[in-house]
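Beneath this line is the structure, given in structure tokens, with notes to follow.
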Amino acid sequence: MGTIYIVDVTNRDGVQTSRLGLAKLQKTIINLMLDDMGITQSEFGFPTTTHELNYLNANLVLVDKNVITNTRLSGWMRAISSDVEKSFANVPRLKHCNLSQSTSEQMINGKYLGKKTGKDIIRMTCEAVECAKDKGALTIGVNAEDASRSNMDYLITLAKEVKKCGADRFRYCDTLGYEDPGTAYKRIYELAKSAELPVEVHYHNDLGMAVACSVMGARGAIDAGADTYINTAINGMGERAGNADLVSCLLAILKSAGFKGKGKYHLDEKIDLSKAWKLAKYTAYAFGVDIPINQPAVGDNAFAHESGIHADGALKDRRNYELYDFEELGRGEPEIIETGRMITTGEYGGIKGFRNVYDKLEIEFKDEHEARNILELARYANVHTQKPLTESELKFIYYYPEIAARVMTVSPYYEPIGALKDRVEANLLTLPKHII
């Protein structure tokens with residue numbers, strides 16, 4: 001009997017979607033929603049990246065304040081000791097991390113250009129794990145980039161070595177979306193059985209099989225006697241064709257023939273599927289990417305019937321043509337759509353319109369100072385997201401103004417060196433240049 005846990009990577013891998021991204025406030029709301037849903041872990045960002053630091057540290061304050069209680073927040077970094085040192089210096093409260101290292105011959109040769117051997121990779125990774133333990137990490141995952149194209153014996157050796165050094169999990173990354181479900185099961189079964197270590201499965205969707213490979217990989221790990229962690233992204237966001245969709249993976253575990261009713265596969269009991277609809281809708285709004293009409297569970301047509309035979313059958317008994325109920329996903333609540341006059345608040349909003357918006361949320365300000373302070377934060381939030389603020393964002397700003405302010409504050413790292421320093425000191429940057 002094994003447990004399937006979820007590590008959602010929307011705030012790390014999902015935000016790497018080309019031409020898209022999330023504001024730090026939006027990433028924070030997603031962390032809060034993942035926590036509300038009981039998701040095991042959120043890979044919430046990059047502790048070596050300077051523009052992430054206020055957001056990362058502020059979200060860990062939410063953990064300290066017991067605002068985020070179910071979801072562990074983990075940082076992603078390269079499996080290099082210097083990156084680990086920098087990460088924990090930048091984000092001192094960090095307790096969970098994943099250390100990533102390339103493991104395929106293609107990647108080792110193509111990225112390190114012959115300067116590193118397989119043995120070098122193992123040594124560097126072990127040093128990084130030991131460094132993270134020394135810095136106080138409570139859980140450490142080691143990521144094998146391009147694992148699906150890596151030699152299995154080498155992966156097993158690496159997994160055993162990092163386990164000795166204190167790693168808690170081994171992440172099997174199908175970085176190119178190369179694998180199929182049958183191969184995923186076999187390889188991850190062998191890895192988990194040989195290394196005797198929980199395996200994380202991380203699948204991309206280049207061939208349209210990310211969800212299938214994820215659940216079959218998880219099954220392989222459990223059949224081998226190990227717990228497993230599925231990496232997901234909300235609405236399948238991510239680089240190229242995206243990552244395994246969170247809701248689809250949950251439904252596959254809870255409803256599919258190979259899992260439902262089988263006593264040996266258990267989903268993390270904290271996870272509440274009824275929060276799925278709200279999370280999917282908010283994430284689609286934040287990214288500015290509509291949910292496809294035929295998306296499983298959360299698409300507009302997921303419970304729509306037009307064919308005469310289907311409509312008749314669904315009306316007689318919805319189990320005829322519906323595998324699960326829309327209420328299980330939190331769907332079915334009426335959506336309020338403003339018609340006629342609508343008052344919003346934004347970067348140029350005034351106090352009266354602002355008060356009207358918060359009145360609808362049944363939030364009352366104690367005095368004029370509080371109202372104007374929150375109004376100023378709401379204006380900044382609108383500049384920050386460049387979208388009308390949602391109910392969740394407005395409530396977060398009201399209840400956690402200090403943390404909201406910190407999340408929205410980005411202090412540019414700017415320390416001129418070399419030729420740029422020469423230009424600045426010579427005052428050349430102030431000379432007029434034709435730009436437009």
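All residue numbers refer to positions in the sequence shown, counting from 1.
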Requested in this report: State the CE-CG distance between M124 and D83, to the nearest 0.5 angstrom.
Outcome: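 Here the rounded value is 9.5 Å.
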Report task. Can you measure from SG (C173) to CZ (R149) and round to the nearest 0.5 angstrom? Result ->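 The SG atom of C173 sits 12.5 Å away from the CZ atom of R149.
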Query raised in the report: Taking only residues two or more places apart in sequence or in another chain, which ones pass ring-ring contact (aromatic ring centres under 6.0 Å, His included) with F88?
Result: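 In terms of ring-ring contact (aromatic ring centres under 6.0 Å, His included), with neighbours along the sequence ignored, F88 is linked to no residue.
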Query raised in the report: Mind checking what makes ring-ring contact (aromatic ring centres under 6.0 Å, His included) contact with F46, not counting sequence neighbours?
Result: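 In terms of ring-ring contact (aromatic ring centres under 6.0 Å, His included), with neighbours along the sequence ignored, F46 is linked to W76.
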Query - Distance-only donor-acceptor check, side chains S102 and E145, under 3.5 Å - result: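 Yes, because at least one side-chain N or O of S102 sits under 3.5 Å from a partner of the opposite role on E145.
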Query raised in the report: Should L250 and L267 count as side-chain neighbours, where that means a heavy-atom distance under 4.5 Å?
Result: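 Counting from C-beta outward, L250 and L267 do come under 4.5 Å.
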Requested in this report: Assess R169 against Y229: is NZ or CZ under 6.0 Å from the centre of the six-membered ring, and within 45 degrees of the ring's axis?
Outcome: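 Yes, a cation-pi geometry holds between R169 and Y229.
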Regarding [X] and [Y], does a basic nitrogen lie under 4.0 Å from an acidic carboxylate oxygen?
{"X": "K133", "Y": "E130", "result": "no"}
{"X": "E85", "Y": "K135", "result": "yes"}
{"X": "K360", "Y": "E391", "result": "no"}

**Report entry** Parallel, tilted or perpendicular: rings of F44 and Y55 (30°, 60°)
**Finding:**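 Tilted, since the angle between the ring planes falls between 30° and 60°.
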Report task. Return each pair, listed once, that meets salt bridge (charged side-chain N to carboxylate O under 4.0 Å, His left out) where at least one residue sits in residues 220-246; pairs must be two or more places apart or across chains. Result ->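 Non-adjacent pairs meeting salt bridge (charged side-chain N to carboxylate O under 4.0 Å, His left out): D206-R240, D223-K264.
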